[in-house]
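Okay, so here's the structure we're looking at.
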2 protein chains.
Amino acid sequence: MNKKVTLTVQALQRMPYYLQYLRKAKEQGIESVSSTSIAKDLKLNDVLVRKDLAAISTTQGKPKSGFAVNELIDNIEDYLGYNNTMDAVLVGVGSLGRALLGNDEFEKYGLNIVAAFDTDESIVNQIISGKQVFPLKRLKGLVKRMHINIGIIAVPGEFAQDVADLLVGSGIKAIWNFSLVKLKVPDHVLVQDENLAASLAKLSLHLRDEMEKN
Amino acid sequence: MNKKVTLTVQALQRMPYYLQYLRKAKEQGIESVSSTSIAKDLKLNDVLVRKDLAAISTTQGKPKSGFAVNELIDNIEDYLGYNNTMDAVLVGVGSLGRALLGNDEFEKYGLNIVAAFDTDESIVNQIISGKQVFPLKRLKGLVKRMHINIGIIAVPGEFAQDVADLLVGSGIKAIWNFSLVKLKVPDHVLVQDENLAASLAKLSLHLRDEMEKN
DNA sequence: ACCATATCGATAGTGAGATATCGATATATC
DNA sequence: GATATATCGATATCTCACTATCGATATGGT
């Protein structure tokens with residue numbers, strides 16, 4: 001059973017970093033870590049780390065030694081649901097879609113892409129990275145039959161809303177959206193936007209600032 | 001010339017959405033838009049939109065009509081540097097790396113990947129999506145000669161810091177980091193972390209919450 | 001030409017998240 | 001076994017992004 005805690009969005013986003021850090025520590029045979037040292041290595045405030053860990057940890061940290069690595073790892077994995085996998089379908093087998101299909105890291109994070117969909121005749125029925133590509137018209141049936149909860153949108157912006165509507169109509173509960181379009185969906189459906197353009201914008205601005213210094 | 005304004009990080013991240021929205025409006029022949037309507041469609045607060053646009057716009061918005069679409073597009077593109085391209089190198093030609101190489105969208109955002117690097121002998125010297133893959137040892141020479149400013153890290157976590165060190169040593173000014181490792185770099189180097197695991201965490205939690213309702 | 005109203009910019013208020021501080025406590029050292 | 005100290009949890013404070021409100025103004029409709 002999971003503890004009934006509600007982390008802030010930001011805290012939640014830090015969890016994968018903690019997990020990565022803890023796993024690495026475990027590999028090195030370290031059995032307990034302090035929030036201070038985590039904070040230093042991850043460039044965070046130590047109180048912040050302590051609050052984050054306190055929120056998901058079943059046991060308290062001990063003065064002088066800190067938190068038990070193994071337990072923390074279990075707690076975080078449990079909280080993030082890395083143990084019970086989520087099934088997903090992917091729509092749009094372009095360059096980005098192929099990458100997502102081929103990314104074996106996702107399984108570690110509890111995501112399992114069971115099938116892909118596209119309208120392009122030349123791609124349909126192929127098997128890419130071990131996943132079959134189906135024609136889009138078969139999406140609804142498949143999603144309903146297999147009780148899939150997550151849809152990944154990797155199509156060009158102009159088709160994103162249509163695909164979203166289709167996914168929602170098929171009973172999907174969450175959408176991972178790689179297009180730049182703000183999707184209109186019912187309240188109970190979560191849209192997680194992945195905004196690569198925003199990252200590029202930050203890079204661009206930093207470079208401009210650096211240039212202007214010289 | 002760019003205006004000397006400093007947007008907050010969050011505002012900066014919204015810019016690509018505004019841009020996408022405005023381009024679509026332009027396609028439909030719309031000449032002016034109000035911050036109210038943008039806010040409604042993008043699910044943002046109208047005052048927020050107004051502040052964002054005021055920060056980058058050269059002209060003011062007019063009551064009853066709003067902002068001139070064409071001008072706003074120019075302003076945002078100018079601000080985000082979509083017009084003068086940034087050259088980048090990519091390190092790590094795994095599934096993710098291939099995807100990034102193949103993503104033709106990046107060019108629209110001003111990013112141009114000029115070369116890729118990997119240590120895997122079987123990949124080196126191949127041409128993938130029109131970009132040549134070089135052995136990692138040649139990175140420093142190439143980056144220095146071509147004055148590349150951006151490095152993209154798409155290698156497994158355990159090698160990420162080493163690659164970062166190499167990039168920094170080659171004179172790179174910004175790193176786009178797709179690994180989950182918090183990189184240690186000098187102050188003048190910007191690290192932009194792309195945290196897909198965090199997105200998955202959000203999806204996972206939302207699903208769990210939805211399940212518990214029933 | 002006038003009026004109603006949508007939109008704007010500016011200022012003040014709110015709230016979530018991050019940080020600083022403090023006393024308590026367990027452990028390592030002597 | 002006593003003491004010094006690193007670490008913890010709790011509370012208070014601060015910060016900054018976002019939101020709500022208000023008067024001003026230009027434009028479309030009558």
Side-chain angles (χ1 to χ4, degrees), chain A residues 3 5-18 21-22 25 30-72 75-76 182 193 195 198 201-202 205, chain B residues 3 5-18 21-22 25 30-72 75-76 182 193 195 198 201-202 205:
Chain A
K3 279 208 303 181
V5 283
T6 316
L7 257 54
T8 63
V9 176
Q10 284 82 345
L12 178 57
Q13 293 185 337
R14 284 188 290 271
M15 288 299 155
Y17 287 113
Y18 295 138
Y21 182 88
L22 290 165
I30 299 168
E31 289 181 356
S32 67
V33 289
S34 69
S35 53
T36 327
S37 58
I38 295 178
K40 208 163 115 190
D41 289 341
L42 261 42
K43 292 172 190 169
L44 298 169
N45 181 283
D46 59 330
V47 180
L48 183 64
V49 173
R50 220 171 290 140
K51 277 211 289 187
D52 286 348
L53 296 184
I56 55 97
S57 177
T58 44
T59 56
Q60 291 195 335
K62 284 180 186 172
K64 201 79 179 181
S65 59
F67 293 84
V69 171
N70 276 322
E71 246 179 85
L72 272 190
N75 288 150
I76 296 178
K182 275 286 170 192
D193 290 310
N195 185 355
K202 281 207 241 176
L205 243 69
Chain B
K3 277 210 303 183
V5 283
T6 316
L7 257 53
T8 62
V9 176
Q10 286 83 341
L12 179 57
Q13 292 185 338
R14 283 188 291 271
M15 288 299 154
Y17 287 111
Y18 294 139
Y21 182 89
L22 291 165
I30 299 169
E31 289 182 356
S32 67
V33 290
S34 69
S35 53
T36 325
S37 57
I38 295 178
K40 207 163 114 189
D41 290 340
L42 261 43
K43 292 173 189 169
L44 297 169
N45 182 284
D46 59 332
V47 180
L48 184 64
V49 173
R50 220 170 291 140
K51 275 211 288 190
D52 286 348
L53 296 184
I56 54 94
S57 176
T58 45
T59 56
Q60 291 195 333
K62 283 180 187 172
K64 202 78 178 182
S65 59
F67 293 85
V69 171
N70 275 323
E71 244 180 88
L72 272 190
N75 288 150
I76 296 179
K182 274 287 169 190
D193 291 309
N195 186 357
K202 281 207 241 175
L205 243 68

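The structure presented is a predicted model; accordingly, all values stated were derived computationally and were not measured. Protein chains get the first letters and strands the later ones, always in sequence-line order, with residue 1 at the start of each.
Side chain of A:Asp52 to backbone of A:Arg14: no donor-acceptor contact under 3.5 angstrom is found.
Distance CD (A:Gln10) to P (D:dA17): 12 Å, rounded to an integer number of Å. Whole-Å rounding puts the B:Phe67 CZ to D:dA26 P distance at 15 Å. Atom CG of B:Asp52 is separated from atom P of D:dT19 by 11 Å (rounded to the nearest Å).
For the segment residues 36-51 of chain B, residues with any heavy atom less than 4.0 angstrom from an atom of DNA chain D are, sorted by number, B:Asn45, B:Val47, B:Leu48, B:Lys51.
The number of heavy atoms from other shown groups lying within 6.0 Å of NZ (A:Lys43) is above 12.
The salt bridge (Lys or Arg N to Asp or Glu O under 4.0 Å) check on A:Lys202 picks up nothing, with sequence neighbours excluded. Looking at residues two or more places apart in sequence or on another chain, you find a salt bridge (Lys or Arg N to Asp or Glu O under 4.0 Å) between A:Asp46 and A:Arg50. Under the side chain to side chain contact (heavy atoms under 4.5 Å, CB included) criterion, A:Glu31 pairs with no residue, sequence neighbours left out.
With a 4.5 Å cut-off on side-chain heavy atoms, A:Phe67 and A:Asn75 do not count as touching. By the 4.5 Å heavy-atom criterion applied to side chains, B:Leu205 and A:Leu12 are counted as neighbours. Side-chain contact check for A:Ile38 versus A:Leu53: some heavy-atom pair is nearer than 4.5 Å.
Contact detail for B:Leu22 and B:Val69: the closest heavy-atom pair is O-CG1, 3.6 Å.
Bracketed by its first and final contacts, the part of DNA chain C lying under 4.0 Å from non-hydrogen atoms of chain A reaches from C:dG17 to C:dT27 in 5' to 3' order.
A cation-pi contact, defined as under 6.0 Å to the ring centre and within 45° of the axis, links A:Lys182 to B:Tyr17.
Recorded end-axis angle for the helix from C:dA1-D:dT30 to C:dC30-D:dG1 stands at 30°, based on five pairs per end and rounded to 10 degrees.
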